[in-house]
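This report refers to the structure that appears directly beneath it.
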Number of protein chains: 2
Amino acid sequence: MLPGRTHVPHDCRVVADVLTRIGDKWSVFVVMLLGEKDCRFSELQRAASSISKRMLTLTLRRLERDGLIERTVFSTLPPSVHYALTPLGRSLRGPIDMLGHWVVDHQKEIVAARERFDAHSPGRRHDL
Amino acid sequence: MLPGRTHVPHDCRVVADVLTRIGDKWSVFVVMLLGEKDCRFSELQRAASSISKRMLTLTLRRLERDGLIERTVFSTLPPSVHYALTPLGRSLRGPIDMLGHWVVDHQKEIVAARERFDAHSPGRRHDL
DNA sequence: CGGAATCCGTAAGGATACTG
DNA sequence: CAGTATCCTTACGGATTCCG
């Protein structure tokens, strides 16, 4: 994978595992939001209007557990909780942005490929 | 996300969608394998020894549908099928490698963060 | 406000058996 | 060899309710 490094299948698996983690339904969205500015729980919920409270909580906990975001509780009344990227979380923004650029730059090709595939595909396919 | 670009929530969603696609359990693994050399179905299966035949087929079909890999059938006996990255698929190697480097470079921090979190976390948590 | 707990439907994914 | 078809179990994720 690195120029000059030989390919190590194990590394592929680690990469795939982490991709599966941050590639879940909401993690990237949250990291990108927090990359712009720190947010409270309710701000995140408004920004991602379709996320359920439960999934936002789960997403934030997992990101916190992986050391990507930091959670600060202000025991005011009513309470307020503050989320921010850690240095580790900020270091992820570069790679995420690279992927973001690639997607934006190639999404038309992907959509076109799908339409071609679906048009030429024989019969019905129930999955994919 | 781009320096000089303002943040567009919609782009985040597109990125998240594609990440969810290629962030599934096997896509990255397959793309990285094919990035090194074209492979037959059985070669891929041996390289990813724990993947089921069913999931390998599904993964390959989806990657083909998205225009990332090309499938070539040789109607010999027994038949042989050949998989290779398309130019679009090859263009994804850069971003994937960036992410790969990030994971390899930071996996110790991630593991450490998890252990810290799990150690300090009060009581039992059934999920995450 | 910021969750945690519960319930529930759907989809992901493995194992196995069969086929051209 | 390279799949397809089927079954079955688990995980994901939404909706709702309750709590400090």
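Below, chains carry the letters A, B, ... as their sequence lines are ordered, and counting in each starts from 1. Below, each value reflects all heavy atoms present in this structure, side chains not excepted, and no hydrogens, waters or symmetry copies.
- A donor-acceptor pair is defined here as one N or O able to donate and one able to accept, closer than 3.5 Å; such a pair exists between the side chain of A:Thr86 and the backbone of A:Leu68.
- Atom C1' of nucleotide D:dC1 and atom CD of B:Glu43 are separated by 12 Å, given to the nearest angstrom.
- If B:Pro78 and A:Phe41 are placed on DNA chain C by their nearest nucleotide, the residue sitting closer to the 5' end is A:Phe41.
- In this structure, the side chain of B:Glu43 engages the main chain of B:Arg40 through a donor-acceptor pair within 3.5 Å.
- Using a cut-off of 4.0 Å between Lys/Arg side-chain N and Asp/Glu carboxylate O, B:Asp118 and A:Arg65 are scored as salt-bridged.
- Residue A:Ser42 places at least one side-chain N or O under 4.0 Å from the OP1 or OP2 atom of C:dG2.
- Taking a pair as Watson-Crick or G-U with both hydrogen-bonding distances under 3.5 Å, the stems of three or more pairs touching DNA chain D are C:1-20 with D:1-20.
- In this structure the side chain of B:Gln107 never reaches within 4.5 angstrom of the side chain of A:Val18, judged on heavy atoms.
- In this structure, NZ of B:Lys53 is placed 15 Å from P of C:dG20, rounded to the nearest angstrom.
- Between B:Leu128 atom CG and D:dC12 atom C1' the separation is 14 Å, expressed in whole Å.
- As rounded to whole Å, 10 Å separates atom C1' of C:dG3 from atom CG of A:Leu56.
- When rounded to the nearest whole Å, the span between NE2 of B:His82 and P of D:dA2 equals 11 Å.
- Distance from the side chain of A:Thr57 is smallest for C:dA4 among the nucleotides D:dT4, D:dA2, C:dA4.
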Below 3.5 Å is the cut-off: list the nitrogen or oxygen pairs between protein and nucleotides 7-13 of chain C, distance only.
from: C:dG13; atom 1: N7; to: B:Arg54; atom 2: NH2; distance (Å): 2.7

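- With A:Val111 as the fixed residue, the side-chain contact (heavy atoms from CB on, under 4.5 Å) test singles out one of A:Glu115, A:Lys108, A:Glu109: A:Glu115.
- Under the 4.5 Å side-chain criterion, counting only non-hydrogen atoms from C-beta, B:Val81 is not in contact with B:Thr72.
- B:Phe74 and B:His82 have perpendicular rings, their planes meeting at more than 60° on a 0 to 90° scale where under 30° would count as parallel.
- Taking the side chain of B:Tyr83 as heavy atoms from C-beta on, and the options D:dC1, D:dG3, C:dG2, the nearest nucleotide is D:dG3.
- Put simply, CZ on A:Arg61 is 17 Å from P on D:dG13, counting in whole angstrom units.
- Evaluation of the salt bridge (Lys or Arg N to Asp or Glu O under 4.0 Å) rule for B:Arg114 yields A:Asp66 as partners, not counting sequence neighbours.
- Closest-nucleotide positions on DNA chain D for A:Pro79 and A:Ser50 were compared, and the one nearer the 5' end corresponds to A:Ser50.
- Taking side-chain N and O atoms only, A:Arg71 has no distance below 4.0 Å to OP1 or OP2 of C:dG2.
- Side-chain atoms of B:Ser27 and B:Asp24 form a donor-acceptor pair, as typed in the model, at a separation below 3.5 Å.
- Nucleotide D:dA2 holds its P atom 15 Å from the CD atom of B:Glu64, rounded to whole Å.
- One can place CZ of A:Phe74 at 14 Å from C1' of C:dG2, the figure rounded to the nearest angstrom.
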